[in-house]
**Student:** 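Questions regarding the structure given below will be posed in turn.
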Number of protein chains: 2
Amino acid sequence: MTKKMTMADIAELSGVGKSTVSRFFNGGYVKQETREKIQKIIEEYNYKPNAFARLKAKQSRLIGVIVPTLNSKITGRVVTSIDRYLREKNYTTLIQSSDHDIDQELENIQRLIQMNVDGILISSIAITKDHRELFAETQIPIVVLAQEYEEGISIIDDDYSAGRYIGAYIGKTGHQKVGYIGVYETDVAVGIRRKQGVIDGLKEYGITDLIIGKSDYSFIGGQTVAREILEKAPDVDAMICATDRLAFGAYKILQKAGKKIPEDVSVVGFGGYDESTLLTPELTTLKFDSYGMGYFGAETILKMIQKKRVSKKQVVDYKFIKGGSVKNYRCAESPDLL
Amino acid sequence: MTKKMTMADIAELSGVGKSTVSRFFNGGYVKQETREKIQKIIEEYNYKPNAFARLKAKQSRLIGVIVPTLNSKITGRVVTSIDRYLREKNYTTLIQSSDHDIDQELENIQRLIQMNVDGILISSIAITKDHRELFAETQIPIVVLAQEYEEGISIIDDDYSAGRYIGAYIGKTGHQKVGYIGVYETDVAVGIRRKQGVIDGLKEYGITDLIIGKSDYSFIGGQTVAREILEKAPDVDAMICATDRLAFGAYKILQKAGKKIPEDVSVVGFGGYDESTLLTPELTTLKFDSYGMGYFGAETILKMIQKKRVSKKQVVDYKFIKGGSVKNYRCAESPDLL
DNA sequence: CTGAAAGCGCTTACAG
DNA sequence: CTGAAAGCGCTTACAG
């Protein structure tokens with residue numbers, strides 16, 4: 001393959017028409033004998049068809065994946081999972097990052113549409129009116145990841161239920177003064193639903209007066225809000241953090257302030273990063289099935305392409321991970337009761 | 001844009017020929033007046049040309065980026081940086097993950113070549129004979145990231161020097177029995193050069209007898225090797241880890257074994273992840289400039305496309321990050337001397 | 001089961 | 001400065 005081979009070259013070398021070579025690749029009728037001749041040439045020259053030249057094809061076998069950032073543990077897991085699934089099924093994954101910028105995200109959507117992808121998986125931090133308009137205009141199947149999307153298909157974490165679980169856990173263990181480090185409400189899944197779950201979970205145990213702060217998704221942001229909470233409520237005895245990374249920020253600030261975790265302040269997060277088990281004490285957290293989200297997302301988009309039936313909304317599982325960062329006030333001598 | 005617009009549509013709507021619209025996008029001669037007419041229609045319909053239909057174009061304005069995994073902090077930084085630079089310059093980044101599989105990586109290279117990308121940035125964990133053959137066959141500019149590539153252009157971390165720095169640091173602080181948690185030697189940069197630097201740095205201080213273990217890049221791998229070292233040399237007083245993630249594994253094992261860091265065993269890594277400052281004690285480590293690597297890689301590939309001169313090898317900087325995981329035996333009362 | 005021909009959405013000499 | 005025409009590497013009816 002010293003020069004780039006084309007389908008015409010392969011056709012000539014194998015002594016067949018190029019339509020036949022095309023059919024060979026797209027699963028059309030080709031006699032076994034012809035098939036073998038083509039196969040031989042392809043292997044000899046290591047030929048791979050140019051996926052982008054399939055201008056007229058109904059299917060491009062290209063799937064676009066849009067992520068808010070390439071810098072996140074969770075995103076890494078989701079995309080890895082998608083890519084594995086799709087590659088297995090002979091699709092090519094086109095990954096685009098929006099770098100937390102809505103305009104860039106909209107641009108990415110348009111670009112992928114123009115690129116004639118067969119489907120788009122989008123993990124957005126917020127579905128805006130512009131998104132809805134773009135989605136409505138196109139025929140291309142779209143699956144929204146991690147955010148609920150009423151007008152279409154989505155795969156979501158069970159944010160409300162997870163939040164409620166954690167809220168109840170903190171209530172049940174006898175905490176009194178609770179701080180919440182959340183994210184902005186443009187992110188409906190995490191900023192609203194997860195938070196609401198936490199609030200409702202706490203309410204079950206009579207805790208209604210919590211201190212709520214908001215942050216972006218950064219380590220620094222977590223620190224800033226933790227500091228604010230500590231100033232407003234020096235007697236805070238628990239910090240619930242919308243993500244593990246925010247919890248990392250809380251750890252940092254609490255340590256600096258000379259507060260012991262969990263003796264003085266309990267900390268809990270959402271995420272279940274590997275690193276969390278290394279903290280002292282290990283972070284109590286809740287792990288969403290990110291690989292599952294990627295898997296179901298990929299599976300669903302392929303089903304949609306094949307016009308199969310898919311559920312409007314699929315909810316992926318989560319798992320509670322008990323670390324040592326939450327104190328049990330109710331039952332100090334047997335903390336494993338919970 | 002209820003249907004997909006084509007250049008022909010835009011041409012018709014603006015009352016010009018489609019060659020003119022094409023020229024508009026590619027910086028050819030277009031009269032100001034005509035330019036405005038086209039501009040107006042484009043904005044109205046929010047048209048974006050289909051990057052994949054530029055079959056005949058000399059330039060596709062597509063740059064392929066191949067990474068070993070999407071699951072790494074460092075890779076995330078590098079790719080984010082590349083994507084920002086390229087987007088700024090109006091190029092589209094096509095990210096492909098090899099998922100630590102050489103065959104998949106080779107496939108990715110071929111696929112990108114067939115896709116007619118203008119250039120390829122490849123961060124490989126190993127350059128094999130197959131790589132060299134593929135690279136030699138194509139005319140497409142290629143920049144290798146993180147590995148030295150004698151036959152071409154590369155951007156590398158200064159692995160030897162960094163290793164030597166750390167080795168000398170551990171020697172200087174008076175350690176005696178040193179374990180090294182490295183990676184396999186197929187990864188020349190980390191598996192060989194970084195290790196050699198460590199060995200030479202230690203030698204400067206008379207330490208020649210170290211216990212060397214090898215691992216993949218995983219948390220679990222780090223644990224396994226740390227355990228082995230501990231068995232072989234219960235009196236080990238320092239563990240040098242080829243990456244922070246491996247150091248995390250070492251922390252885990254040492255904690256389990258009841259060894260205090262750094263009183264009983266010092267630990268040091270390479271990476272400089274944010275999380276490392278959260279460990280107790282904070283991990284002493286060395287941070288490579290991954291954003292710089294992405295930036296220089298992107299800059300270099302564009303220069304190559306424009307047939308400008310580029311250096312064969314560019315070395316990105318590193319920074320020593322002093323945590324609290326290394327004990328200074330030489331001068332225990334003023335540990336900040338170093 | 002196979003090939004010639006038209007067409008996908010764009011770019012590029014070329015003639016004006 | 002602009003447009004008609006040919007061509008990029010593929011796919012798809014269609015006729016055989």
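The chains referred to below are lettered A, B, ... by the order of the sequence lines, with proteins before strands, and numbering in each begins at 1. When reading the values below, keep in mind they use all heavy atoms of this one structure, side chains included, and skip hydrogens, waters and symmetry mates.
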**Student:** If you assign each of B:G17 and B:L55 to its closest nucleotide in DNA chain D, which residue comes earlier from the 5' end?
**Tutor:** B:G17
**Student:** Mind checking the OG1-CD1 spacing from A:T128 to A:I102? Nearest 0.5 Å is all I need.
**Tutor:** 5.0 Å
**Student:** Paired stems touching DNA chain C, three or more consecutive Watson-Crick or G-U pairs with both distances under 3.5 Å?
**Tutor:** C:1-3 with D:14-16, C:5-12 with D:5-12, C:14-16 with D:1-3
**Student:** Start at the 5' end of DNA chain C and walk down; is the nucleotide closest to A:K31 or to B:R54 reached first?
**Tutor:**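 Nearest nucleotide further toward 5': that of A:K31.
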**Student:** Do B:Q110 and B:Q114 meet the criterion of a side-chain donor-acceptor pair at a distance under 3.5 Å?
**Tutor:**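 No.
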**Student:** Does B:F296 have any ring pair (Phe, Tyr, Trp, His ring centres under 6.0 Å) partners at least two apart in sequence or in another chain, and if so, which?
**Tutor:**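 Residues passing ring pair (Phe, Tyr, Trp, His ring centres under 6.0 Å) with B:F296: none at all.
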**Student:** Determine the contact category for B:T6: base if any of its heavy atoms lies under 4.0 Å from a base atom, sugar-phosphate if only primed atoms, P, OP1 or OP2 are that close, otherwise nothing.
**Tutor:** sugar-phosphate
**Student:** Find which nucleotide of DNA chain D each of B:E33 and B:A53 is nearest to by heavy atoms, and output the residue with the more 5' nucleotide.
**Tutor:** B:E33
**Student:** Go through the steps for B:D187 and B:Q147 under the test side-chain hydrogen bond (donor to acceptor under 3.5 Å, both in side chains), then give the verdict.
**Tutor:** CA-CA 8 Å; B:D187 181 339; B:Q147 292 288 343; 2.6 Å; yes
**Student:** Of all nucleotides in DNA chain C that come within under 4.0 Å of a heavy atom of chain B, which is furthest toward the 5' end and which toward the 3' end?
**Tutor:**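 Taking any atom under 4.0 Å from a heavy atom of chain B, the span is C:dG9 to C:dA13.
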**Student:** Test B:Q32 against B:E36 for side-chain hydrogen bond (donor to acceptor under 3.5 Å, both in side chains), laying out the working first.
**Tutor:** CA-CA 6 Å; B:Q32 183 57 30; B:E36 281 162 10; 3.1 Å; yes
**Student:** In Å, rounded to the nearest 0.5 Å, how long is the span from CD1 of A:I153 to CD1 of A:I301?
**Tutor:** 9.0 Å
**Student:** Sort out for me which residue in B:V144, B:L121, B:V78, B:V316 forms a side chain to side chain contact (heavy atoms under 4.5 Å, CB included) with B:I155.
**Tutor:**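 Output: one option passes, namely B:V316.
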**Student:** Could you check B:S123, B:S97, B:S124 and say which one makes a side chain to side chain donor-acceptor pair (under 3.5 Å) with B:E105?
**Tutor:** B:S124
**Student:** With sugar-phosphate meaning primed atoms plus P, OP1 and OP2, does B:V21 contact a base, only sugar-phosphate, or nothing at under 4.0 Å between heavy atoms?
**Tutor:** nothing
